[in-house]
Amino acid sequence: MQRRALITGVTGQDGSYLAELLVSKGYAVHGLRRRSSTFGTERIEHLIRGNEPCVHLHYGDLSDASGLARLIRQIRPHEVYNLAAQSHVRVSFDQPAYTADVTAVGTLRLLEALRDVQDDTGEQIRFYQASSSEMFGKVVETPQKETTPFYPRSPYGVAKVYAHWITVNYRESYDLHASCGILFNHESPRRGETFVTRKITRAAARIKLGMQDKLYLGNLDAQRDWGFAGDYVEAMWLMLQQPTADDYVVAMNELHTVREFCELSFGRLGLDYNDFVEIDPRYFRPAEVDLLLGDATKGRTKLGWTPRVSFQELVEMMVDSDLELARRERGLAGTSASLDRMAA
Ligand code: NAP
Ligand code: GDD
């Protein structure tokens, strides 16, 4: 029987890679999309167009409990991946209540819907929760692993801690097959443009082509453990294939600074970042997470998960992709004739 999966956050970076992975494995893939005045489906266009789309989209929102319950009853998924969230740490300081409602309570709403359907039908639904290394915040040990205590440093981090523990609680209380992936930062050419890696690669490419003069950043000394999103979604899927649900850290176990990311990105284009990067205090956070370094030994051993893309390859992939994008944009900005051709 064909397995059915529902992905919340399917229009996001991870949602798009996970949808591709599940389609390639033969799943019937359903995705939750929220209503917006624009399409917002750029990352999954190739999966939703044509006579036989690979991914079926449904309107819904993590703030709407009854809509979520209806959708779960309608689709009767075997696996649910909860990737939807207000996922920007800096924005969570400006929108703390909204972040709590969507990222924390939204997870509870979804779990409640699953619990009801599982109770009624007796069919087990496997659940993946997108937990985050941001929960470790002001880290109490390094590297961080599954047993490291949380010390969140942002409304986003606090919301993710709630979502994490409510998932664990539903696993222990209602026998749900619910797993949390504590994922460290993962990036790709599809990364949102306001996260630091993509902001850097996008700007470096535009500067190279003379389309931009400067790049304004905040804390260049922050240290992160960056991996490739395409590798990380494989770990999500592997977690739901295990006989028993559990929680896993997913990371590269490598530390790099934002400054180093700048150096490598500009260097790839033959530029020195010192000539273009300026500090703007607006991009500093009220409370910063200085260092995140993950120990993914448990996931590598129990899941057999192995990342394929190195840090250096990730930077190069992102820079090359953004250079292509900038070239296309420069072409488009040319004459109205070229715009007409694009429209056709
Ligand atoms: P992303 O690109 O920001 O995608 C977030 C997704 O959530 C988008 O599809 C977004 O829809 C959707 N969404 C936002 N608010 C929603 C709401 N109220 N109802 C329904 N959908 C909503 O994030 P990502 O990088 O793919 O990350 C996926 C998940 O992993 C997130 O939960 C994130 O917090 C978590 N995570 C990410 C990382 C990382 O480094 N990328 C690390 C650890 C954990 P729109 O397209 O309409 O905005
Ligand atoms: N966004 C941003 N913009 N960050 C900057 C900038 C800037 O101009 N300048 C410096 N930084 C620093 C931030 O202060 C932070 O220390 C680091 O770069 C990474 O910032 P982000 O790329 O925004 O990622 P994040 O680590 O805060 O959050 C991401 O990773 C989490 C996992 O640890 C997000 O994807 C979260 O959703 C995810 O949970």
Side-chain angles (χ1 to χ4, degrees), residues 7-19 31-36 38-44 59-64 67-68 81-92 98-99 101-103 105-107 109-110 128-137 144 152-154 156-157 159-160 163-164 180-188 190-200 203 215-229 232-233 236 249-251 256-259 261-262 277-285 287-292 294:
I7 305 174
T8 74
V10 72
T11 54
Q13 171 189 256
D14 291 5
S16 67
Y17 283 107
L18 180 64
L32 184 80
R33 87 191 279 199
R34 55 182 176 155
R35 145 80 190 146
S36 143
T38 54
F39 283 116
T41 48
E42 299 79 9
R43 295 184 177 103
I44 52 169
Y59 281 111
D61 199 296
L62 283 193
S63 62
D64 178 9
L68 292 174
Y81 296 85
N82 183 31
L83 309 187
Q86 190 303 92
S87 71
H88 204 283
V89 173
R90 180 66 191 84
V91 170
S92 77
Y98 174 76
T99 302
D101 187 41
V102 171
T103 305
V105 184
T107 305
R109 294 187 185 102
L110 190 53
Y128 172 84
Q129 170 56 21
S131 289
S132 166
S133 52
E134 182 71 13
M135 301 189 304
F136 296 122
Q144 296 85 51
R153 290 272 279 175
S154 62
Y156 167 82
K160 281 287 181 186
H164 179 90
C180 300
I182 307 174
L183 270 52
F184 282 62
N185 298 50
H186 46 279
E187 321 292 314
S188 74
R190 299 182 197 169
R191 183 60 144 151
E193 293 179 19
T194 59
F195 296 97
V196 78
T197 54
R198 186 76 200 289
K199 188 171 166 183
I200 294 167
L215 166 61
Y216 295 93
L217 293 174
N219 180 12
L220 299 188
D221 297 319
Q223 293 173 284
R224 290 290 184 275
D225 182 345
W226 281 294
F228 171 51
Y232 283 37
V233 299
M236 298 177 186
V249 158
V250 180
H256 303 276
T257 60
V258 172
R259 187 184 305 283
F261 203 100
C262 288
V277 172
E278 296 201 355
I279 302 304
D280 184 335
R282 265 190 315 159
Y283 297 115
F284 283 87
R285 291 160 184 193
E288 176 63 294
V289 171
D290 297 317
L291 175 156
L292 292 174

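The first residue of the sequence shown is numbered 1, and numbering continues consecutively from there. Each ligand, and each atom within it, is numbered from 1 in the order the structure gives.
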Asks: Looking only at non-hydrogen atoms, which of Asp14, Ile182, Asn219 approaches atom 12 (C) of ligand 2 most closely?
Replies: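 Closest candidate by heavy-atom distance is Asn219.
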Asks: I'd like to check whether Gly218 has a polar contact with ligand 2, where a contact means an N/O of the residue lying under 3.5 Å from an N/O of the ligand.
Replies: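 It does: an N or O of Gly218 is found under 3.5 Å from an N or O of ligand 2.
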Asks: Closest by any non-hydrogen atom to atom 39 (O) of ligand 2: pick that one out of Ser132, Gly157, Ala85.
Replies: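 Nearest heavy atom to atom 39 (O) of ligand 2 lies in Ser132.
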Asks: Ring-plane angle category for Tyr17 and Phe228, please: parallel below 30°, perpendicular beyond 60°, tilted otherwise.
Replies: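 The arrangement is perpendicular - the two ring planes meet at more than 60°.
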Asks: Taking the non-hydrogen atoms of Arg191, is any one of them nearer than 4.0 angstrom to ligand 2?
Replies: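 Per 4.0 Å heavy-atom rule, Arg191 contacts ligand 2.
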Asks: Counting each atom of ligand 1 from 1 as listed, which ones have a heavy atom of Ser131 under 4.0 Å away?
Replies: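 Within the 4.0 Å cut-off of Ser131, ligand 1 contributes 43 (C), 44 (C).
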Asks: Flag Gly12 as yes when one of its N or O atoms lies below 3.5 Å from any N or O atom of ligand 1, and as no otherwise.
Replies: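 Yes: some nitrogen or oxygen of Gly12 is under 3.5 Å from one in ligand 1.
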Asks: Would you tell me which option among Gly137, Ala222, Ser133, Gly294 has the nearest heavy-atom contact to atom 33 (O) of ligand 2?
Replies: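 The nearest heavy atom belongs to Ser133.
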Asks: Quick one: does His88 get within less than 4.0 Å of ligand 1, heavy atoms only?
Replies: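 Judged by the 4.0 Å heavy-atom criterion, His88 does not count as contacting ligand 1.
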Asks: Please list, in number order, the atoms of ligand 1 under 4.0 Å from a heavy atom of Asn185.
Replies: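 Within the 4.0 Å cut-off of Asn185, ligand 1 contributes 40 (O).
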Asks: Pick, from Phe261, Tyr156, Phe195, the option with the minimum heavy-atom distance to atom 34 (C) of ligand 2.
Replies: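 Residue with the shortest heavy-atom distance to the ligand atom: Phe195.
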Asks: Which atoms of ligand 1 are found less than 4.0 Å from any heavy atom of Tyr98?
Replies: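 Close to Tyr98: 18 (N).
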Asks: For Tyr156, check ring-ring contact (aromatic ring centres under 6.0 Å, His included) against everything at least two apart and list the hits.
Replies: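 Tyr156 satisfies ring-ring contact (aromatic ring centres under 6.0 Å, His included) with no residue once adjacent residues are dropped.
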Asks: Below 3.5 angstrom, do we get any N/O pair linking Thr11 and ligand 1?
Replies: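 Yes: some nitrogen or oxygen of Thr11 is under 3.5 Å from one in ligand 1.
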Asks: Determine whether a donor-acceptor pair (N or O, by modelled atom type, separation under 3.5 Å) exists between the side chain of Lys199 and the backbone of Leu215.
Replies: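 Here the side-chain-to-backbone pair does not exist.
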Asks: Is any N or O atom of Arg43, backbone or side chain, closer than 3.5 Å to an N or O atom of ligand 1?
Replies: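 No: no nitrogen or oxygen of Arg43 is under 3.5 Å from one in ligand 1.
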Asks: Nearest non-hydrogen contact with atom 21 (P) of ligand 2 belongs to which option: Arg90, Arg285, Glu288?
Replies: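 Minimum heavy-atom distance to atom 21 (P) of ligand 2 goes to Arg285.
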Asks: Does ligand 1 have any atom sitting under 4.0 Å from a heavy atom of Tyr156?
Replies: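 Right, Tyr156 reaches ligand 1.
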Asks: Checking contacts here: is it the side chain or the backbone of Thr194 that comes within 4.0 Å of ligand 2, counting heavy atoms only? Could be both or neither.
Replies: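 Just the backbone.
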Asks: Please could you name the atoms of ligand 1 that Leu183 approaches to less than 4.0 Å, counting only its heavy atoms?
Replies: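 Atoms satisfying the 4.0 Å criterion: 42 (C), 43 (C).
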Asks: Could you tell me whether Lys160 approaches ligand 1 through its side chain, its backbone, both or neither, with non-hydrogen atoms closer than 4.0 Å?
Replies: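 For Lys160, only side-chain atoms sit under 4.0 Å from ligand 1.
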Asks: Quick one: does ligand 2 sit under 4.0 Å from the side chain of Val89, the backbone, both or neither, non-hydrogen atoms only?
Replies: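 Contact part for Val89 vs ligand 2: side chain (C-beta onward).
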Asks: If I apply the N/O under 3.5 Å rule, does Val196 come out as touching ligand 2?
Replies: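 N/O-N/O distance under 3.5 Å: yes.
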Asks: Within the structure, does Ser133 bring an N/O atom to less than 3.5 angstrom of an N/O atom in ligand 1?
Replies: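 In fact, backbone or side chain, Ser133 has no N or O that close.
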